[in-house]
Trainee: 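Handing you this structure, nothing more for now.
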Amino acid sequence: MSDLNKLGLAEARDLLRKGETNSVELTESCLKAIDAADALNAFVHKTPEIALERAKAADARIATGDAPAMCGLPIGIKDLFCTKGVDSQAASRILKGFKPEYESTVSQNLVDAGAVMLGKLNMDEFAMGSSNETSVYGNVVSPWRREGDTAELTPGGSSGGSASAVAADLCLAATGTDTGGSIRQPAAFTGITGIKPTYGRCSRWGVVAFASSLDQAGPMTKNVRDAAIMLEAMCSHDPKDSTSADLAVPNFEAMLTGDIKGKKIGIPKEYRMDGMPGEIEKLWSDGAEMLKAAGAEIVDISLPHTKYALPAYYVIAPAEASSNLARYDGVRYGHRATLAQGDGITEMYEKTRAEGFGPEVQRRVMIGTYVLSAGFYDAYYNRARRVRTLIKKDFEDVFAAGIDAILTPATPSAAFGLGEMTDADPVQMYLNDVFTVTVNLAGLPGIAVPAGVDKQGLPLGLQLIGRPWEEGDLLNTAYALEDAAGFVAKPAKWW
Amino acid sequence: MSIDQSTAAKVAKLARIKVEDDALPALASEFNTILGFIEQLNEVDVDGVEPMTSVTPQRLKRREDVVNDGSQQDKVLANAPDAREGFFAVPKVVE
């Protein structure tokens, strides 16, 4: 069978169960595609030996009739996840050579479910970025190009390697993480599906920390059904993460009925931004029409504090990052600067961190340090946390009024070119997360679903935001939207 | 609030990141751009609003106060840039 790498998780699972293919074949097909796609720079640590070993074990397991959902399915793992004995450096120079002695809970859950790791995926350094241009491994290139143009485009970020790899069929699916939009924005830019679950659904243990009150892992897949399958495999209660939810994980796939009759879908007026491209506006209203045609009721709603989400995020996330990244001191792991004669421990810290962190990470650590420093803590950090309370309340109010899900654009534009934002100030880049960041601040589940293409042929995504812990219902609404949108575009192979 | 070069230098020092003097003006300017953006938060009436401590209402779990792992010195030191005789090694801290 050819082109097995082009399959999704559900399709491949069904073929495996019927004995029409095997995991070794699937895995070899992906490994071949990965080796032919170095131009995308998505896989940065390839693990073919581990992959084939796990594929063989999966085939043996399937033969005995013990085939959990992900058994034998080859996937990529974002470099932010610690994987035992395999380089895990969060795309940072400061973790060069770091080979964890342990496995993150999420990647262990996937191993236990039988999934096959193909390698580690490129990302923005410490997940700080929206274009995958801050990685120590270099930029990730999107498989998509504008019609009649060969300019390299961003796959989005920070899970850009995951997005590029899934969109280019280098793997069946991939893990991502999302602190302000890092699963949903790259999914939207590359025409794939990505869900960030409710804060606490996926254990953060063993995932390199960026902003601990916002970070969540989630799957990036070729369709909504695959997202349901993989999310279920990733989630668990974990005593090693004190914020992990002690709640049963439902069978999300079984909840995909496509029936959304009577569901109330909110359209928040504050997401209609000045200067929003007409194509995004049209995509959004088309999406609402599709849900309406599927039997949902469309309701205009207001989330009055939306405008303040991004500034609050750019206080809270850097503050937590400055604290989390204090551990990179050149003592316990990773890079240590070469010291000059007479240098003491302070010089060791300062030189190590100057050499080890890239410019965007340094910028955010210093902003975080500033907003937490004596005299500014109340004015910036505590104020941002108060605004966060209000942002969450906005959502609680609309859910209390009976709204089941909220429909918004996923991004303010289609993918831009690599290098096109170089001269923009940092705030311009931060605006990429304007529609997604509210969801992290409120701890809610959010999913990006590809819904159309722009006039240059690039994918555009819509976002659905759900009630806390109701990922199953959210996935079902996304399933109905996916069905109605009928997005089938694929990037033409040039790499 | 505007950040001058000496404040930028102080922040870099607090963050333990070495920044050369000639890089300070650009850094201060970037800080000011970001802080200018953040200052929109001053428009919000936050009187009587509690700062968020946990996004999901939950009581942190407790566990038995017992030793449940240990004896992993080799693993703990495996990734250290400089480990000697079972310890992390650093430049001299105390004279």
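So that the names make sense, note that chain A is the first sequence line, chain B the second, and so on, each numbered from 1. All of these numbers come straight from a predicted model, not from anything done at the bench.
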Trainee: Looking only at heavy atoms and a cut-off of under 4.5 Å, which of A:Glu347, A:Lys99, A:Glu355, A:Lys393 has the most pairs with chain B?
Mentor: A:Lys99
Trainee: Picking from A:Ile316, A:Thr198, A:Ile345, which has the most non-hydrogen pairs under 4.5 angstrom with chain B?
Mentor: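 Answer, by heavy-atom pair count under 4.5 Å with chain B: A:Ile345.
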Trainee: When only pairs under 4.5 Å are counted, which of A:His335, A:Gln362, A:His305, A:Lys351 shares the most heavy-atom pairs with chain B?
Mentor: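 Sorted descending by pairs with chain B, the first entry is A:Gln362.
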Trainee: State, with a plain yes or no, whether a side-chain heavy atom of B:Lys13 is found less than 4.5 Å away from one of A:Glu350.
Mentor: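 Side chain of B:Lys13 against side chain of A:Glu350, heavy atoms only: contact under 4.5 Å found.
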Trainee: Is there a side chain to side chain contact (heavy atoms under 4.5 Å, CB included) between B:Val55 and A:Arg388 once you walk through the steps?
Mentor: CA-CA 9 Å; B:Val55 72; A:Arg388 187 176 179 186; 3.6 Å; yes
Trainee: Between A:Met366 and B:Phe31, what is the shortest heavy-atom contact and its length?
Mentor: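 Nearest heavy atoms, A:Met366 then B:Phe31: CB-CZ, 3.4 Å.
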Trainee: Report the option among A:Tyr314, A:Tyr333, A:Phe357, A:Tyr308 that has the most heavy-atom pairs separated by less than 4.5 Å from atoms of chain B.
Mentor: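 Most heavy-atom pairs within the cutoff with chain B belong to A:Tyr308.
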Trainee: Is it the case that atom CZ in B:Phe88 sees more than 12 heavy atoms from other parts of the structure closer than 6.0 Å?
Mentor: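 Atom CZ in B:Phe88 is packed in, count exceeds 12.
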Trainee: Side chain, backbone, both or neither: which part of A:Thr352 has an atom under 4.5 Å from a heavy atom of chain B?
Mentor: neither
Trainee: When rounded to the nearest 0.5 angstrom, what is the spacing between CD1 in B:Ile17 and OH in A:Tyr328?
Mentor: 13.5 Å
Trainee: At what distance, to the nearest 0.5 angstrom, does CD of B:Glu43 lie from NZ of A:Lys307?
Mentor: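 Answer rounded to 0.5 Å: 4.0 Å.
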Trainee: Working to the nearest 0.5 Å, report the span between CG of A:Asp246 and NZ of B:Lys61.
Mentor: 3.5 Å
Trainee: With a 4.5 Å cut-off on heavy-atom pairs, point out which of B:Ile38, B:Val76, B:Asp45 contacts chain A the most.
Mentor: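 Highest number of pairs under 4.5 Å: B:Ile38.
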Trainee: How long is the span from the OH atom in A:Tyr370 to the NZ atom in B:Lys10, to the nearest 0.5 Å?
Mentor: 8.5 Å
Trainee: Which value, rounded to the nearest 0.5 Å, describes the distance between A:Ser242 atom OG and B:Arg59 atom CZ?
Mentor: 13.0 Å
Trainee: Got a second to check how far B:Leu14's CG is from A:Leu372's CG, nearest 0.5 Å?
Mentor: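 Answer for the CG-CG pair, B:Leu14 versus A:Leu372, is 10.5 Å.
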Trainee: Shorter than 4.5 Å, heavy atoms on both sides: which option in A:Tyr313, A:Tyr102, A:Tyr199 has the most such pairs with chain B?
Mentor: A:Tyr199
Trainee: Search all heavy atoms of B:Gln58 against all heavy atoms of A:Ser244 and return the closest pair with its distance.
Mentor: NE2-O, 4.4 Å
Trainee: B:Arg16 side chain to A:Tyr349 main-chain N or O, any donor-acceptor pair under 3.5 Å?
Mentor: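 Not a single qualifying donor-acceptor pair exists.
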Trainee: Any idea which of B:Ala89, B:Ala80, B:Pro81 has the most non-hydrogen atom pairs under 4.5 angstrom with chain A?
Mentor: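 Option with the top pair count is B:Pro81.
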Trainee: Residues of residues 46-53 of chain B under 4.5 Å from chain A (heavy atom pairs)?
Mentor: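 The residues closer than 4.5 Å to chain A, in numerical order, are B:Val46, B:Val49, B:Glu50, B:Pro51, B:Met52, B:Thr53.
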Trainee: Taking the side chain as every heavy atom from C-beta outward, state whether A:Glu101 and B:Leu77 have any atom pair closer than 4.5 Å.
Mentor: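 A side-chain contact is absent here, since even the closest heavy-atom pair is not under 4.5 Å.
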Trainee: Please list, in residue-number order, every residue in residues 19-29 of chain B that has a heavy atom less than 4.5 Å from any heavy atom of chain A; write 'none' if there are none.
Mentor: B:Val19, B:Leu27
Trainee: Measure distances from A:Ala326 to the heavy atoms of chain B and classify the residue's part below 4.5 Å as side chain, backbone, both or neither.
Mentor: neither
Trainee: Going by heavy atoms in the side chains, are A:Leu339 and B:Pro91 under 4.5 Å from each other?
Mentor: yes
Trainee: Spell out, as yes or no, whether a donor-acceptor pair under 3.5 Å connects the side chain of A:Arg383 to the backbone of B:Val44.
Mentor: yes
Trainee: Here's a test for you: under side chain to side chain contact (heavy atoms under 4.5 Å, CB included), which of B:Leu41, B:Leu35, B:Ile34 qualifies with A:Pro311?
Mentor: B:Leu41
Trainee: With distance as the sole test, does B:Asp82 use its side chain to make a donor-acceptor pair with the main-chain N or O of A:Val331 at under 3.5 Å?
Mentor: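 Between the backbone of A:Val331 and the side chain of B:Asp82 there is no qualifying donor-acceptor contact (under 3.5 Å).
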Trainee: Under a 4.5 Å heavy-atom cutoff, which of A:Leu444, A:Thr243, A:Val365, A:Asp329 has the most pairs with chain B?
Mentor: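 Heavy-atom pairs under 4.5 Å are most numerous for A:Thr243.
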Trainee: Can you tell me which portion of A:Tyr430 sits under 4.5 Å from chain B's heavy atoms? Options are side chain, backbone, both or neither.
Mentor: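 For A:Tyr430, side-chain heavy atoms alone lie under 4.5 Å from chain B.
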Trainee: Is atom NZ of A:Lys240 surrounded by more than 12 heavy atoms (other residues, nucleotides or ligands) closer than 6.0 Å?
Mentor: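 Correct, the count exceeds 12.
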